[in-house]
Amino acid sequence: MRNATVSPSLASALSRTAQSLQAARREALAAVAVEETEWEYAGRTWSWPAGEEMTYFRGLAPGEAAVLEAAETAHGLRALAVGTGRVAVALPADGVTSPEDHDGLVAKLARYGPSAEMGDGRTQNRRERRTWDQIGSHPFLPVLDADGSGGDDRDDSDVAVGDDSDVAVGDDSDAASRDVVDAEDGGDWVVMPRATVPPPEPARETALDRVRESLAAHAGTFHFDELKPENVGVYDDRFWIVDYGRPPGEPLFVDPPGGTDRPSF
């Protein structure tokens with residue numbers, strides 16, 4: 001899906017930067033990989049190549065940081081926020097081809113991960129792109145542009161549903177085949193309007209309540225453990241969910257609309 005929000009040259013730079021990020025994280029994880037990759041928490045089995053230490057899960061690997069520094073110098077892609085599966089960067093105005101979108105656009109660049117529940121930003125980007133294509137309305141922050149041509153989200157049915165840090169575990173035995181599909185389907189980046197995240201403190205609880213109410217009709221699309229301040233933003237005088245790339249599942253830590261209280265861990 002391309003609607004010419006960004007120029008071809010900027011689109012190419014976004015793809016190259018995301019692919020370099022993925023290679024850097026994959027290489028860094030290979031260097032710190034451990035034999036015992038799994039552990040138990042909150043009644044689930046969790047896993048990461050570096051084990052329970054979670055090295056490079058939330059923070060950037062040195063190689064990823066170097067990629068972003070080079071991208072800012074060469075293309076004006078300034079990093080705004082780092083997530084477990086993606087990095088948000090501000091887009092330069094001279095790379096935007098839709099005049100009405102010149103101000104305040106961000107791209108989410110995919111990082112490497114074994115699955116959508118385990119930091120695979122490509123799968124998360126594809127899910128957001130398809131969700132917007134299918135629903136295309138509030139409270140989902142609009143996807144204005146994206147690489148790739150669509151395709152299956154490849155969400156694994158055996159992936160355990162995660163906690164409030166976006167971590168969960170799936171069977172990674174088919175990782176190589178997923179990589180082939182991922183390369184064909186894109187998902188290296190999506191472009192969205194830049195929202196104020198999180199909402200200012202006086203309105204934060206109101207923002208969460210309103211987005212929660214708006215998401216009630218989308219329980220089969222949205223994972224309610226992702227309803228938290230860092231995933232809600234203000235754009236165009238409305239409150240939006242800005243991160244909806246995680247596959248839906250049974251929440252562990254957030255009570256969905258109409259649900260019962262969840263245990264705290």
Side-chain angles (χ1 to χ4, degrees), residues 1 3 5 42-44 58 80-86 88 100-101 103-108 116-117 119 121 123-146 153 155 157 159-168 190-265:
M1 181 200 73
N3 60 16
T5 296
R44 303 280 189 180
R58 295 177 180 84
L80 299 173
V82 176
T84 58
R86 294 173 291 181
E100 67 273 17
D101 293 328
D103 296 326
L105 289 187
V106 300
K108 295 179 180 179
E117 294 282 344
T123 305
Q124 295 169 8
N125 280 342
R126 289 199 305 273
R127 173 166 283 279
E128 287 185 345
R129 181 184 67 208
R130 293 187 63 188
T131 297
W132 180 252
D133 284 348
Q134 293 166 4
I135 298 175
S137 64
H138 183 269
F140 298 100
L141 192 68
V143 173
L144 303 176
D145 203 349
D153 283 329
D155 295 329
S157 60
V159 174
V161 182
D163 68 353
D164 60 349
S165 60
D166 301 330
V167 190
V190 296
V191 171
M192 291 179 165
R194 183 173 179 178
T196 300
V197 180
E201 185 60 48
R204 194 163 297 174
E205 288 302 318
T206 298
L208 286 167
D209 289 343
R210 289 186 182 176
V211 171
R212 175 190 171 91
E213 292 172 2
S214 297
L215 286 168
H218 305 289
T221 299
F222 181 73
H223 197 304
F224 278 88
D225 274 343
E226 296 306 299
L227 182 56
K228 44 193 175 182
E230 59 266 37
N231 287 342
V232 173
V234 183
Y235 165 68
D236 198 24
D237 297 324
R238 300 185 78 182
F239 301 124
W240 305 75
I241 188 73
V242 304
D243 189 329
Y244 46 95
R246 184 176 179 180
E250 185 70 17
L252 293 178
F253 300 96
V254 174
D255 184 24
T260 56
D261 292 340
R262 300 284 167 183
S264 34
F265 296 91

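If you read the sequence from its start, that first residue is 1, and numbering goes on from there. Note that the structure is predicted; figures quoted are calculated from it, not measured.
- Distance check: E128 CD to I241 CD1 gives 9.5 Å after rounding to the nearest 0.5 Å.
- Here the CZ atom belonging to R246 is positioned 9.5 Å from the CD atom belonging to Q124, to the nearest 0.5 angstrom.
- The side chain to side chain contact (heavy atoms under 4.5 Å, CB included) test applied to V242 returns L141, A195, V197, not counting sequence neighbours.
- In terms of modelled atom types and a separation under 3.5 Å, the side chain of H138 and the main chain of V211 share no donor-acceptor contact.
- Residue R127 comes nearest to P248 through the heavy atom pair NH1-CD, 3.5 Å, listed as atom of the first residue, atom of the second, then distance.
- With P193 as reference, L144 is the one residue of V106, V143, L144 to meet the side-chain contact (heavy atoms from CB on, under 4.5 Å) rule.
- Between K108 atom NZ and L80 atom CG the span is 12.0 Å, to the nearest 0.5 Å.
- Counting heavy atoms from C-beta outward, P200 and V234 have side chains that approach closer than 4.5 Å.
- Closest approach of P229 and P198 over heavy atoms only: O-CB, 3.2 Å.
- With contacts defined as side-chain heavy-atom distances shorter than 4.5 Å, the pair F239/S214 does not qualify.
- Sorted by first and then second residue, the pairs that involve residues 193-222 and meet ring pair (Phe, Tyr, Trp, His ring centres under 6.0 Å), not counting sequence neighbours, are F140-H218, F222-F224.
- Once rounded to the nearest 0.5 Å, the distance linking NE2 of H223 with CG of N231 reads 12.0 Å.
- A salt bridge is absent between E117 and R44; no separation between the charged side-chain nitrogens and carboxylate oxygens falls under 4.0 Å.
- Put simply, the residue from I135, L215, T131 that forms a side-chain contact (heavy atoms from CB on, under 4.5 Å) with Y244 is T131.
- Interatomic distance, R130 CZ to T221 OG1, rounded to the nearest 0.5 Å: 11.0 Å.
- Interatomic distance, N125 CG to R86 CZ, rounded to the nearest 0.5 Å: 5.0 Å.
- Taking the side-chain hydrogen bond (donor to acceptor under 3.5 Å, both in side chains) definition, one finds that E201 meets it with R204, sequence neighbours left out.
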